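Fair warning: this is a prediction, and the values are worked out from it, not measured in the lab.
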Amino acid sequence: MAAVAVPARVVYDFEGQADNNELTVYEHELITVVCEDVGEGWVEAVKENGEQGLVPASYIDYEEYEPSGGGEWDDPPPPPPVDNGAQYAQHEPAGVQFEGHPPPGGDNEWSDYDSDEEQHSRQTRPSISADHEGGHQSRSNTMKKSMNRFTPYVKSGAEDFILGKDKEQIAEADTITIVCPNNIDLCWQPNQIITVEITEPIKKQKFKGMKSFMSYHITPSTTNLTVERRYKQFDWFHDRLTEKFPCFIIPPLPEKAVVGKYQQDFIEQRREKLELWLNRIGRHPIISHCNVTNHFLKCHEEKNWKEGKRKAEADKTARSGFFMTVKCDGPLPDNLSSESYVGSFSTFSKKMEGTLDKLVKQNEDYANKMTGGIKHMYSKYGQIYKELGELYDTGPLNGSKPVNVAIMGTGRCYQEISEVYENQPRFDAHVLSESVREYQGMLSSVPDMLHVHKGAAQKVKDYTQREGEKDADEEANVLQRYSTISAAVMSEINHFHTERNRDFNVMMRSFLENQISFHKTVLQKLEHALNQYPDPQSFLD
C-alpha cells in the first residue's frame, strides 16, 4: 500500500467507463497513483488535469521510460501475449477481456478476470511487430490484435486425436454416444431437455460502490433451486463450452453493452436473451448434461464454485479429449459420404446465412414503413375525415347528422388504425428478427466446426499419401479416428437441423398468427366504421 502519491507512466491505452469510476488513459501519459490497494488488479490514480479514477495496475509502470532519439522505448514493456490459452493473467488487468477469452483464475474466484460485461472496457493495447526491412521493432498504439493465432482445427485438438497422441483413459461416465435410429442419420443420444428461467436481475456493487454489476437469478428445471450468476460467469461458461466441445455449434452470448447498461429496458432485454441462450443450451442432448453445465446451473456455495471452476478449466475431456469420449453405436461413416455430407451443409449454411440477412433487412423495411409512411398515411386520412365531418356538421342539417357523425367516426377509425400499424412490428417483425438473429449467431459458429472437419480430412490425406513404408494397422486407426470426428460433426449438423425445423415452425406460426390478428383488428375497425353509416335505402324512402 502506497503511503504517498507515486508517479507512474502508462504503457498501454485504456478506455475507462465513467459510470464505473474508471479512468481513460493513454500510452506514455504520466499519472499519479494515490491508492495501490483497491483490489483485484486495479489502482486509483489521478491524471495531470485532475481527473481521478481506477486504472488496471498492469497498464502502468512505476519506472518512467523516456523515448530515445529514434522514437522507440529504450526498454519497451512486454507486448500482450498471443499464444492461445497461455497464462496471460500477468499482463491482463482485472476488468479487461479480449476476444472473448478470459484468463484462467487464481485462488480468488475471479481474481484474474473480474469484469462483468456491464463494466467491460473496450481498450486498445500496443502491438509490437518486427520490421523485417529495418531490423527493428515498430509500435502501433491503436491496432487491436487477436489473441488467437491458431486455426480452429489446431485449437480443437483434432490433429492430436487423428495421430493418436492423446492417450488419456476415458471413464465410462464420460462417454458420449452417437446413435443411428433410422439407419440413415447419425445423431446424439437423446437426453432430458432442461428448461431455465431467469428472474430478478439485481444491480450490485463492490469496492465500496466503485464497481457495479448485474446479478441474475437462474432456476433450472432439474433442481428448481435458484442460483445467482453474473455476466462474467456466463462468459466463462461459454468459453468452457467452446473449448470442451470443439465441433459443436455453440451459440454466442448476447452482445456486450457499453452505454445504457443499467437502463430498465436494456436489463429486461438482456435477461430475455440470456434466458433464451440458456434454454438453447438446455435443449442440446450433450451440452445440457455435461459437468460444466451442471456446475453452472447447480452450484451454490462459493467454495464449491471455485473447486468446480478449476476442475472445468483442467478438464481432460476437452479439445482432443472430447473426441476420445465419442463412441458410435453403429457403423462409422465412410470418408466419401462424410465429406459429401459436411460439404453440403457448408453450402446450405452459407445460403441460409444470406437468406436470413435478407429477411432481417426486409423486416426492418416493413417495420419502418409500418411505423412511418403507412402510419402517417392512415393518420392523415383520419384527420381529413374528421375535419370533413366537423365541417359538414356546421352546415344545414337536413337530416345529414347521422352521416356527419359517421364521417367523423371514420376519421377516428383511421386514427386508431394508424396506431395499430405503428404497434404491429413489435408483435411480428421485431419478434421474428430477434429469433432470426439468434440463428445468425449460431451460423457464425459453423465455420469453426467445418474447419475442424476439413483440417482432419486434409491430415488424413497427407498421412495416407505420404511416401515411405506405412504401418497398415496405424493407417487403419487414423482412418477410424477420422471417421469418429466425421460422425461427431454429422451428429451436430443433424442436431442443428432438428432445432431449425422446430424453431422455424414455431417462429413462422407465431408470425402468421400475429399477422392474422393484425388484419382482423383492422377489418373489425373498418366494419365498425361502416356500420355507423345509414342504410342507403333510407335515402330513397
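- A salt bridge links E313 with K309: the closest approach of a Lys/Arg side-chain nitrogen to an acidic carboxylate oxygen falls below 4.0 angstrom.
- R240 places no side-chain N or O within 3.5 Å of a backbone atom of F237 that could act as its donor or acceptor partner.
- Looking at K350 and E353, no side-chain N of the basic residue comes within less than 4.0 Å of a carboxylate O on the acidic one, giving no salt bridge.
- Judged by a 6.0 Å distance limit and a 45° cone about the ring axis, R437 is not positioned over the six-membered ring of Y439.
- Taking the six-membered ring for Trp and the full ring otherwise, the centers of H300 and W305 sit at least 6.0 Å from each other.
- Side-chain contact, N363 with S433: a donor N or O sits under 3.5 Å from an acceptor N or O.
- The aromatic ring centroids of F345 and H453 lie 6.0 Å or more from each other.
- In this structure, W42 has its ring center at least 6.0 angstrom away from the ring center of Y59.
- C299 and N304 make their closest contact through SG-C, 3.6 Å (heavy atoms, listed as atom of the first residue, atom of the second, distance).
- Remark: the backbone N or O of E228 is not paired with any side-chain donor or acceptor of H217 at under 3.5 angstrom.
- The distance from atom CG of N279 to atom CD1 of I193, rounded to the nearest 0.5 Å, is 10.0 Å.
- In terms of heavy atoms, C247 sits closest to F323 at SG-CE2, 4.0 Å.
- Atom CG of D503 and atom OG1 of T498 lie 10.5 Å apart (nearest 0.5 Å).
- Checked against ring-ring contact (aromatic ring centres under 6.0 Å, His included), F511 has no partners two or more places apart in sequence or in another chain.
- The pair E302-K306 counts as a salt bridge, with a side-chain nitrogen and a carboxylate oxygen less than 4.0 angstrom apart.
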Evaluate T347 against S344 for side chain to side chain contact (heavy atoms under 4.5 Å, CB included), listing each step before the verdict.
CA-CA 5 Å; T347 302; S344 295; 5.8 Å; no

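- The backbone N or O of F234 lies less than 3.5 Å from no partner atom in the side chain of R229, so there is not a single donor-acceptor pair.
- Listed for the E275 side chain is a donor-acceptor partner under 3.5 Å among the backbone atoms of I198.
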Would Y231 and H238 count as a ring pair (Phe, Tyr, Trp, His ring centres under 6.0 Å) if you check the C-alpha gap in whole Å, the side-chain angles of each, and the deciding distance to 0.1 Å?
CA-CA 11 Å; Y231 186 90; H238 178 271; 9.9 Å; no

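- Remark: the backbone N or O of I162 is paired with a side-chain donor or acceptor of R481 at under 3.5 angstrom.
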Would you please test D334 and S337 for side-chain hydrogen bond (donor to acceptor under 3.5 Å, both in side chains) and show each step?
CA-CA 6 Å; D334 62 81; S337 62; 3.1 Å; yes

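- Geometric assessment of R271 against the ring of Y216 yields a negative cation-pi assignment under the 6.0 Å and 45° thresholds.
- Using a 4.5 Å cut-off on side-chain heavy atoms (C-beta onward), N501 and N505 make no contact.
- Applying the ring-ring contact (aromatic ring centres under 6.0 Å, His included) rule to F348 yields the partners H497; only residues at least two apart in sequence or on another chain are considered.
- Residue C328 comes nearest to P331 through the heavy atom pair SG-O, 4.0 Å, listed as atom of the first residue, atom of the second, then distance.
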Take T177 and T175 through the side chain to side chain contact (heavy atoms under 4.5 Å, CB included) test and state the conclusion after the steps.
CA-CA 6 Å; T177 304; T175 299; 4.2 Å; yes

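- Taking NZ of K244 as the reference point, atom CG of N291 lies at 6.0 Å (rounded to 0.5 Å).
- Checking K165 against S320 by side-chain atom types alone, no donor-acceptor pair falls below 3.5 Å.
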Walk me through it: do L54 and F14 pass the test side chain to side chain contact (heavy atoms under 4.5 Å, CB included)?
CA-CA 10 Å; L54 301 177; F14 175 73; over 6 Å; no

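- Within a 6.0 Å sphere centred on CZ of R509, heavy atoms belonging to other residues, nucleotides or ligands number 12 at most.
- A donor-acceptor pair under 3.5 Å is absent between the side-chain atoms of S340 and the main chain of L336, judged by distance alone.
- With hydrogens and angles disregarded, a donor-acceptor distance shorter than 3.5 Å links the side chain of N182 to the backbone of D185.
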Verify side chain to side chain contact (heavy atoms under 4.5 Å, CB included) between L241 and T293, making sure each step is shown before the conclusion.
CA-CA 8 Å; L241 293 180; T293 300; 4.0 Å; yes

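- Of the possible donor and acceptor atoms, none in the side chain of S517 sits under 3.5 Å from a partner among the backbone N and O of N514.
- In this structure, the separation between OG1 on T219 and CG on L225 is 8.0 Å, given to the nearest 0.5 Å.
- Counting only N and O atoms by type, the side chains of D462 and Q458 include a donor and acceptor under 3.5 Å apart.
- With rounding to the nearest 0.5 Å, the separation of CG in L359 from CE in M352 is 10.0 Å.
- Not a single donor-acceptor pair under 3.5 Å links the side chain of S510 to the backbone N or O of V506.
- Taking F248 as the reference, W188, F245, H284, F322 meet the ring-ring contact (aromatic ring centres under 6.0 Å, His included) condition, with sequence neighbours excluded.
- Note that the CG atom of L356 and the CE atom of M442 stand 9.5 Å from one another [nearest 0.5 Å].
- Side chain to side chain, Y341 and N494 meet the donor-acceptor criterion of an N or O pair below 3.5 Å.
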